[in-house]
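Single-structure report; data block below.
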Amino acid sequence: MALRRLLLPLVLLFALLPPGRVASAGGDGGEPAEFEIPRDGTVVELDESNFDAAVRAVDYLFVDFYAPWCGHCKRLAPQLDEAAPVLAGLSTPIIVAKVNADKYRKLGSKYGVDGFPTLMLFDHGVPSEYTDSRKADLLIENLKKLVAPDVSVLESDSSIKSFVEAAGINFPLFIGFGVDESLIAEYGAKYKKKAWFSTAKDFSEDMMVLYDFDKFPALVSVNPKYNEQSVFYGPFEGTFLEDFIRQSLLPLTVPTNRETVKLLKDDGRKVVLTILEDELDENAPQLVKVLRSAANANHDLVFGFVGVKQWEEFTETFDVKGSQLPKIIVWDTKEEYEVVEGSERLEEGDYGSQVSRFLEGYRSGKTIKKNVGRGSPSLLGLNAIYILIFLVAILVALMYFSGHGEEEERPRRTHQD
């Protein structure tokens, strides 16, 4: 009874704390101080005294573990300042915070911070590292995806329109019209970082006309960024469904750049890559249109294009210096690429027959394999660079300890003498 009388005031005190306020250490006399999470979109500065309280106070906390001297951290700060008000104003709010992990090293060590900046999303207290784009607009889109359901259930035409509008244009969308949620739940979780998934339970004929399908169940893939759309009617078992989803994550023809090259590598298929002098050349749209038609008929391959003027560092790895362009190759996204004898160069004019002849030669094995050059360390040759850096570090360490040992040895010999 005595213990109950002592605990009752504490229970009442915690029950009376207003929403959004949590107790943190640091009050006068060692008592917990009240800590309020700002909801106005400012980036919250946290430290060891209030970090745990902040994590408990909100469902989603996005934390930047930074160091004041870090150049990357300084460039990231304005992006977070821009994104924070938008994220705080979402229907599912995300609060942005930062921690000086160089000063509060114990806190950084607790979450495995070994470089700056390290970004983490705390989802109901569970941390996961964020490694995608740090630009404000893409950061917002990525985080919106991460806090959304794996599969959204849509009950009407208006909810379908709202879902599409909220998703934006940066990621593909999959809408399962009459598709049971259980059929796509696995893929909604697996590809959550790459696409939006939903299932529409109730919809009108207007939606069937808008998304161009005439029966259901039907899984509609929409890639708003590239204005592409396709329909899958089944079968919804085996590998067929996942193959459709995986292939629809990319547009039919992929403009190859620093952002999309990672998607190409993750996809796993070989890439029919067309190298142009300039993607903005007047003949480029005609060639891309031909490549799109070829992609529709060759789903086991990915079709991409890249301009030397747009990404010279990348194109140099395929030995294009002195070559007549456009040049077409098949790249394994790793260390090798293949050229088809007699069909490597695309002449201006009938691109369609030339691309068909190239694909026929590739299918029949009339290719020459070549190693990708080392002009782009950001793509290939990374292992060699890491090994070189590692060996240099070992050499420097050996030289240091060798010299240090000699300095200690000299006075020792003198003393013995």
Side-chain angles (χ1 to χ4, degrees), residues 14 17-28 30-150 166 168 170-171 192-193:
F14 279 103
L17 280 174
R21 292 174 180 263
V22 291
S24 65
D28 294 336
E31 296 179 1
E34 195 176 79
F35 175 65
E36 184 174 4
I37 300 290
R39 306 287 175 149
D40 58 357
T42 57
V43 178
V44 187
E45 184 81 42
L46 300 175
D47 55 37
E48 291 175 346
S49 70
N50 55 24
F51 186 86
D52 290 341
V55 170
R56 290 193 300 269
V58 294
D59 291 340
Y60 298 101
L61 185 70
F62 186 66
V63 182
D64 169 25
F65 292 92
Y66 74 98
W69 44 262
C70 167
H72 292 295
C73 301
K74 292 175 182 178
R75 288 189 288 273
L76 173 63
Q79 301 296 322
L80 294 179
D81 289 338
E82 182 181 340
V86 180
L87 292 169
L90 296 176
S91 56
T92 304
I94 304 170
I95 304 302
V96 180
K98 59 183 179 180
V99 173
N100 182 347
D102 187 47
K103 180 178 180 181
Y104 302 105
R105 297 186 180 184
K106 184 177 179 181
L107 188 57
S109 177
K110 178 180 178 181
Y111 295 103
V113 175
D114 56 4
F116 304 110
T118 293
L119 301 174
M120 286 193 178
L121 176 67
F122 287 78
D123 179 347
H124 294 82
V126 179
S128 61
E129 187 171 358
Y130 174 88
T131 56
D132 292 318
S133 177
R134 297 172 180 177
K135 293 181 181 179
D137 55 344
L138 293 177
L139 177 68
I140 292 167
E141 292 300 318
N142 288 333
L143 291 177
K144 278 170 61 178
K145 279 210 77 315
L146 291 177
V147 303
D150 293 347
N170 289 309
F171 295 95
K192 183 169 185 176
K193 291 184 177 181

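If you're wondering where the values come from, they're calculated on a predicted model, not measured in any experiment.
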Atom of [X], atom of [Y] and distance for their closest heavy-atom approach:
| X | Y | result |
| --- | --- | --- |
| Ala83 | Leu139 | CB-CD2, 4.0 Å |
| Leu90 | Ile94 | CD1-CD1, 4.2 Å |
| Leu138 | Tyr130 | O-OH, 4.3 Å |
| Glu45 | Asn100 | OE2-N, 4.1 Å |
| Val113 | Ala101 | CG1-CB, 4.4 Å |
| Pro93 | Ala88 | CB-O, 3.6 Å |

Should we say atom CG of Asp40 is surrounded by more than 12 heavy atoms from elsewhere, each under 6.0 Å from it?
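Count over threshold, so yes.
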Identify whether the distance between the nearest side-chain nitrogen and carboxylate oxygen of Lys110 and Asp52 falls below 4.0 Å.
yes
Rounded to the nearest 0.5 Å, how far apart are [atom1] of [X] and [atom2] of [Y]?
| X | Y | atom1 | atom2 | value |
| --- | --- | --- | --- | --- |
| Asn142 | Arg134 | CG | CZ | 12.5 Å |
| Asp59 | Thr92 | CG | OG1 | 8.5 Å |
| Leu146 | Ser128 | CG | OG | 7.0 Å |
| Leu87 | Ile95 | CG | CD1 | 8.5 Å |

Polar side-chain atom of Gln79 near backbone of Ala136 as donor-acceptor pair, under 3.5 Å:
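Judged by distance alone, yes, a pair lies under 3.5 Å.
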Measure from the side-chain N and O atoms of Lys103 to the backbone N and O of Pro68, and report whether any donor-acceptor pair falls under 3.5 Å.
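Checking the backbone N and O of Pro68 against the side chain of Lys103, no donor-acceptor pair under 3.5 Å is found.
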Do the non-hydrogen side-chain atoms of Val43 and Asp81 ever get within less than 4.5 Å of each other?
yes
Flag side-chain contact, heavy atom, 4.5 Å: Leu80 against Phe62
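Yes, at least one pair of side-chain atoms sits under 4.5 Å.
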Please walk me through it: do Phe65 and Lys98 pass side-chain contact (heavy atoms from CB on, under 4.5 Å)?
CA-CA 6 Å; Phe65 292 92; Lys98 59 183 179 180; over 6 Å; no
Please assess Lys192 against Lys145 for the test side-chain contact (heavy atoms from CB on, under 4.5 Å), listing each intermediate value before the final yes or no.
CA-CA 7 Å; Lys192 183 169 185 176; Lys145 279 210 77 315; 4.1 Å; yes
Using 30° and 60° as the class limits, which term best fits the ring planes of Tyr111 and Phe51: parallel, tilted or perpendicular?
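Taking Phe51 first and then Tyr111, their aromatic rings sit tilted (interplane angle of 30° to 60°).
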Between Val99 and Val63, does a side-chain contact (heavy atoms from CB on, under 4.5 Å) hold up when you go through it step by step?
CA-CA 7 Å; Val99 173; Val63 182; 4.0 Å; yes
Walk me through it: do Leu76 and Tyr66 pass the test side-chain contact (heavy atoms from CB on, under 4.5 Å)?
CA-CA 10 Å; Leu76 173 63; Tyr66 74 98; over 6 Å; no
